[in-house]
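Input: a single structure, listed below in C-alpha cells.
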Amino acid sequence: MAKKKAKEIELDLSSNWDYAPSMESTGHIQLKKKYDLFIGGKFVKPKSGVYFDTINPATEEVLAQVAEANEADVDAAVKAARKAYDTVWSKLSGKERGKYIYRIARLIQERAREFSVIESLDGGKTIRESRDIDIPLAAAHFFYYAGWADKLDYAFPNRNPQSIGVAGQITPWNFPMLMIAWKIAPALATGNTVVLKPAETTSLTALKLAELFQDAGLPDGVVNIVTGYGQTGSHIVNHPDVDKIAFTGSTGVGKLIMKSIANTNKKSTMELGGKAANIIMEDAPLDQAVEGVINGIFFNQGHVCCAGSRLFIQESVYDIVMRKLKDRMQALVVGNPLDKNTDIGAINSKKQLDTIKKYIKIGKEEGAEIYQPNCTLPKKGYWIPPTLFTNVAQSSTIVKEEIFGPVLAIQTFRTVDEVISKANNTPYGLSAGVWSDKGSKVFNLTSQMRAGVVWGNTYNKFDPTSPFGGYKESGHGREGGLQGLEAYLKFNA
Ligand code: NAD
C-alpha cells in the first residue's frame, strides 16, 4: 500500500499538469459601438467626422470605434476647459473640489470590476494586474489628492499656492487608467481644468471615466477627453490657451513636445522612457530576488517604463540565479488576459509586437544567447514568450535601448563600484532595484544610483504618497505625493 502511494506521487510529479482556466466574466460590461468626444460635459460628434477601431490585442477583434479629434475638436475642448476654469472650478473652495474628487474615487471603487475588465480587453494586460494594481491604485490616487484639495496652504506654507489654468495631458497605453489618475487627480485638487488625450490603442477606460464624471456630477468642462493619435496630442501641445503640458510616453515624443513649447510660458512635466538596472548581490535572498526580477520585467508584458530590463548578477551567484530564473520562467502562464491564472497577457498592439521582435532579432544578430521557455502561444492576437538574453555587453543594442516588452538582458559583475558604473551607464534614469541581505549595502547602492526611484529588496511598488519621475532622458518633474501637487501650482510668494 505504502509502495503504491509513493508510485502515485512520483507519477503525479512527473506528469505535465496545468491550472484549469478561471475566466473573468464579461457579462457586466457595456460598451457602445461608437464613442464620441467628451467635451463640455457631453459626448459630442467629432468635427473631423473620423472614427478609428480599438481592438482587443488578445483576439484582434474590434471592441468599438473611437472618434479622432482634429484641431477644431481640440480647440473646442480647450475652450470648454477655459470656460469651466474661469466660471466654476477656480472659484470653488478646496473643500468643495475635494467632495467631487472623493465622489470620483468612490465611484471608481464601486465600478472597479467593470474598469478592470475593460482595461484588460482593450490593452491586453492580465486581469490580475488590472484588478489588483491598476484600478485600485487609480482610485487610491483620487482619494489621496481629494484629501489635499482643501489643505494646499498647509502643503506649501507661506507660498500662496495658485492654480495654473488649463492642463493638457497626454497618456500612454501601458497603464491607461493609472496614468490618467496620476494626472487628473492632482490637477483637479489644485483647481485646474483638463483636456486629456489617452493613447490611441487604449481609449476605452478613459471614455468610461468620462461617463463616471457625468455620474459624479462634475461640472461641465472641468475634464474634457479627446481621443486620437499623436496628431491630436500635438494639437493640445500647440494650443495657445493651454497653460501646462503633462506628458507620459516615449523619450522621442517627449523631446518633440519640449521643442514645441520651448518658446512659450507653458509649464511641463515629462515622464519618459527607462532602462532600469536590477542588481542582485551575492548575499541577497535569492528566491525573493528572482521573484522580484520576474515581477520587474515580465509584469504587464514588460510594458512598464520602470521595468527592470537590465539584470546584473554578482558573479559568485550567477549559476544558481540563472537556474532559478529559468525554472521560474518555465512556470509562467502566457495567454488569455481574462484568465486569472495568466501571468503574461497580450502585447498591446501589432506595432509594439513588431518592435519587440525587431529587438530580439538584433539581440541574436549581435551574438547574444537567447532563452525562452517552452510555451504554446495562442494563434490569434499578439504574443511574445518571456525572453532572456545572456552574453551581452554594455554596448549591445538590447542593453542600451528601451524595448518595452518581456525581454531581459543579463550581465555579471564582481565589485560594487563596477555595478554602479555599469548601472548608471545609460541615457535613462527612471528606476532601479537592489537586492542584498545587508541594509548598509542597499543604502550604499541606492544612494549612488542615478534614478528617480530605487527599490530595495522589492520591485515595481507604487503608492500615491510617493513621488515618481526620472533623471536625464527619463524626463523631468514628479507625479505622486506632494511633488505631484506642486507640478500643478504656481506660487506668488
Ligand atoms: P508614445 O510617446 O508613442 O505615445 C504616448 C502618447 O503620446 C500617446 O497618447 C500618443 O498618441 C501621444 N503622442 C504621440 N506623438 C505625439 C506628438 N507628436 N505630440 C503629442 N502627443 C503625441 O509612447 P507609448 O508608446 O504610448 O508609450 C510607451 C512609452 O511611454 C515608453 O517609452 C515608456 O517608457 C513611457 N512611459 C513612461 C512612464 C513614466 O512614468 N516615466 C510611464 C509609462 C510609460
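Counting starts at 1 for both ligands and their atoms, in listed order.
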Open item on the list: Tell me whether the count of non-hydrogen atoms from other residues, nucleotides or ligands lying under 6.0 Å of NZ in Lys422 goes above 12.
Closed with: yes
TODO: Look at atom 35 (C) of ligand 1 and find which of Gly249, Pro172, Ala199 reaches it with the closest heavy atom.
DONE: Gly249
TODO: Nearest heavy atom to atom 24 (P) of ligand 1 wins, so pick from Tyr428, Trp173, Phe247.
DONE: Trp173
Task: Numbered atoms of ligand 1 (with element) below 4.0 Å of Ser234, judged on heavy atoms - done: 19 (N), 20 (C)
- [ ] Could you verify whether a donor N or O on one side chain and an acceptor N or O on the other, from Ser163 and Tyr85, lie under 3.5 Å apart?
- [x] yes
Open item on the list: Any nitrogen or oxygen of Leu272, side chain or backbone, less than 3.5 Å from one on ligand 1?
Closed with: yes
Task: Ring centres under 6.0 angstrom apart (Phe38, Phe43) - done: yes
Task: Distance in Å, Arg328 CZ paired with Glu291 CD, rounded so as to fall on 0.5 Å steps - done: 4.0 Å
- [ ] Tell me, please: is Phe175 in heavy-atom contact with ligand 1, that is, under 4.0 Å?
- [x] no
TODO: Only heavy atoms count here, so choose which of Thr202, Ile170, Val253 is nearest to atom 16 (C) of ligand 1.
DONE: Val253
Task: Check: Phe404 ring centre within less than 6.0 Å of Trp173 ring centre - done: yes
TODO: Provide the number and element of each atom of ligand 1 under 4.0 Å from a heavy atom of Gly273.
DONE: 32 (O), 34 (O)
